Enquirer: 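Pasting a structure below so you can have a look.
In this text, all values refer to a predicted model and were calculated from it rather than measured experimentally.
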Amino acid sequence: MLKLLNKDANIELIQNHIDEFAKEGLMYVATTAVEDKLQNKVPETIKFLREAGIKLWVLTGDKRETAENIGYSANLLDRNMEVVHIAGSSSAEVQRQLNDTLDRHVLDAQTPQRRKSFSARAELPRRLSMRQKKKVEEEEVVVIIDGASLHHAIEDHSDVFMALSDHTKVVICCHVTPLQKALVVRLVREKRKAMTLAIGDGGNDVSMIQDALP
């Protein structure tokens with residue numbers, strides 16, 4: 001099967017590929033065109049949910065660039081938001097990025113701290129409380145985290161990850177597995193005792209939807 005990702009691919013190029021297949025003894029069967037499109041009223045519905053104060057998470061198997069582009073087209077993101085990417089190659093790197101993002105965009109800290117151990121967990125509630133008392137204006141922050149980093153965030157740094165998500169407008173988890181989708185829903189329910197609703201249209205969304213049920 002040949003996949004042409006270039007939208008400008010012309011008939012001559014396709015014919016050249018077919019000729020190459022014929023030389024190898026392969027038979028041309030058919031050509032299909034597929035275009036991902038949002039359903040009607042999706043951007044308007046997302047905007048309504050955001051304005052209603054509902055926390056939105058996107059859990060997708062798509063790569064980061066695709067997930068981010070869909071976020072803009074679906075009204076999950078806008079150009080006034082600060083988009084932060086979490087992409088670490090190790091647990092320590094993910095921890096550093098989470099803490100740095102928390103310090104820079106959420107906590108009212110005089111000097112950014114790069115916490116090297118989880119002894120800082122005890123300090124986190126106090127710092128968040130101080131920030132709320134000072135009524136620091138909250139930025140519109142979006143976190144985009146890939147599947148590999150999400151594994152470390154859930155397994156090793158769930159407290160910091162959830163503290164960060166509490167103060168973001170949207171969290172997009174990209175390149176994730178069906179199991180990770182379910183684990184994110186479970187994490188939100190267990191850590192925040194929140195009511196959750198999971199929406200999906202594929203078999204890989206079943207476990208996520210089941211975990212969202214009370």
Enquirer: Ignoring hydrogens, what is the shortest heavy-atom contact between C173 and V184? Give both atom names and the distance.
Expert: SG-CG2, 4.5 Å
Enquirer: So, does H175 use its side chain to make a donor-acceptor pair with the main chain of A148 at under 3.5 Å?
Expert: no
Enquirer: Do we see a donor-acceptor contact under 3.5 Å between the side chains of D146 and S149?
Expert: yes
Enquirer: Are M208 and P178 close enough that some pair of their side-chain heavy atoms sits under 4.5 Å apart?
Expert: no
Enquirer: Using the side chain to side chain contact (heavy atoms under 4.5 Å, CB included) criterion, which residues pair with I209? Sequence neighbours excluded.
Expert: A198, D205
Enquirer: Measure from the side-chain N and O atoms of R189 to the backbone N and O of L213, and report whether any donor-acceptor pair falls under 3.5 Å.
Expert: yes
Enquirer: How many angstroms lie between CD in Q180 and OG1 in T60, if you round to the nearest 0.5 Å?
Expert: 12.0 Å
Enquirer: Identify the heavy atoms of E93 and R96 that sit nearest to each other, and give their distance.
Expert: OE2-NH2, 2.7 Å
Enquirer: Without swapping roles, check the side chain of D78 against the backbone of M81 for a donor-acceptor pair under 3.5 Å.
Expert: yes
Enquirer: Name the atoms and distances for all side-chain donor-acceptor pairs under 3.5 Å in residues 38-49, with sequence neighbours left out.
Expert:
residue: T45; atom: OG1; partner: K41; partner atom: O; Å: 2.7
residue: K47; atom: NZ; partner: E51; partner atom: OE2; Å: 2.6

Enquirer: Measure the spacing between CG of D100 and CD1 of I86 and express it to the nearest 0.5 Å.
Expert: 8.5 Å
Enquirer: Does the side chain of H85 come under 3.5 Å of the side chain of R64 through a donor N or O and an acceptor N or O?
Expert: yes
Enquirer: Do you see a donor-acceptor pair shorter than 3.5 Å between the side chains of H152 and S90?
Expert: no
Enquirer: Do I172 and V143 come close enough that some side-chain heavy atom pair is under 4.5 Å?
Expert: no
Enquirer: Might you confirm whether atom CG of D19 has over 12 heavy atoms from other residues, nucleotides or ligands at distances under 6.0 Å?
Expert: yes
Enquirer: Where do A67 and D62 come nearest, in terms of heavy atoms and distance?
Expert: N-CB, 4.3 Å
Enquirer: With a 4.5 Å limit on heavy-atom distance, are the side chains of T168 and K55 in contact?
Expert: yes
Enquirer: Given side chains that start at C-beta, do those of V83 and E68 come closer than 4.5 Å, heavy atoms only?
Expert: yes
Enquirer: Is it true that I54 and L76 fall in one hydrophobic cluster, defined by side-chain heavy atoms closer than 4.5 Å?
Expert: yes
Enquirer: Between OG of S158 and CD of E190, what distance do you get to the nearest 0.5 Å?
Expert: 9.5 Å
Enquirer: Looking at E82 and V142, would you say the former's side chain and the latter's main chain have a donor-acceptor pair under 3.5 Å?
Expert: no
Enquirer: Indicate the atoms forming the closest heavy-atom contact of L98 with A153, along with that distance.
Expert: CD1-CB, 4.2 Å
Enquirer: Under 4.5 Å between any side-chain heavy atoms of Q97 and V84, yes or no?
Expert: no
Enquirer: First locate atom OG1 of T196, then atom CG of D211, and finally report the distance between them rounded to the nearest 0.5 Å.
Expert: 8.5 Å
Enquirer: Are side-chain heavy atoms of M162 and L187 found at a separation under 4.5 Å?
Expert: yes
Enquirer: Give a yes or no on whether V58 and V206 share a hydrophobic cluster (residues Ile, Leu, Val, Met, Phe, Trp, Tyr; joining criterion: side-chain heavy atoms under 4.5 Å apart).
Expert: no
Enquirer: Do you know the tightest heavy-atom contact between K181 and L59?
Expert: CE-O, 3.4 Å
Enquirer: Can you tell me how far the OG atom of S91 sits from the CD atom of E155, to the nearest 0.5 Å?
Expert: 9.5 Å
Enquirer: Are any of the side-chain heavy atoms of W57 and V170 separated by less than 4.5 Å?
Expert: no
Enquirer: Main chain of A163, side chain of H167: is a donor-acceptor contact present, judged purely on distance under 3.5 Å?
Expert: yes
Enquirer: R50 side chain to N75 main-chain N or O, any donor-acceptor pair under 3.5 Å?
Expert: yes
Enquirer: With side chains defined as the heavy atoms from C-beta onward, is the minimum distance between I144 and C174 less than 4.5 Å?
Expert: yes
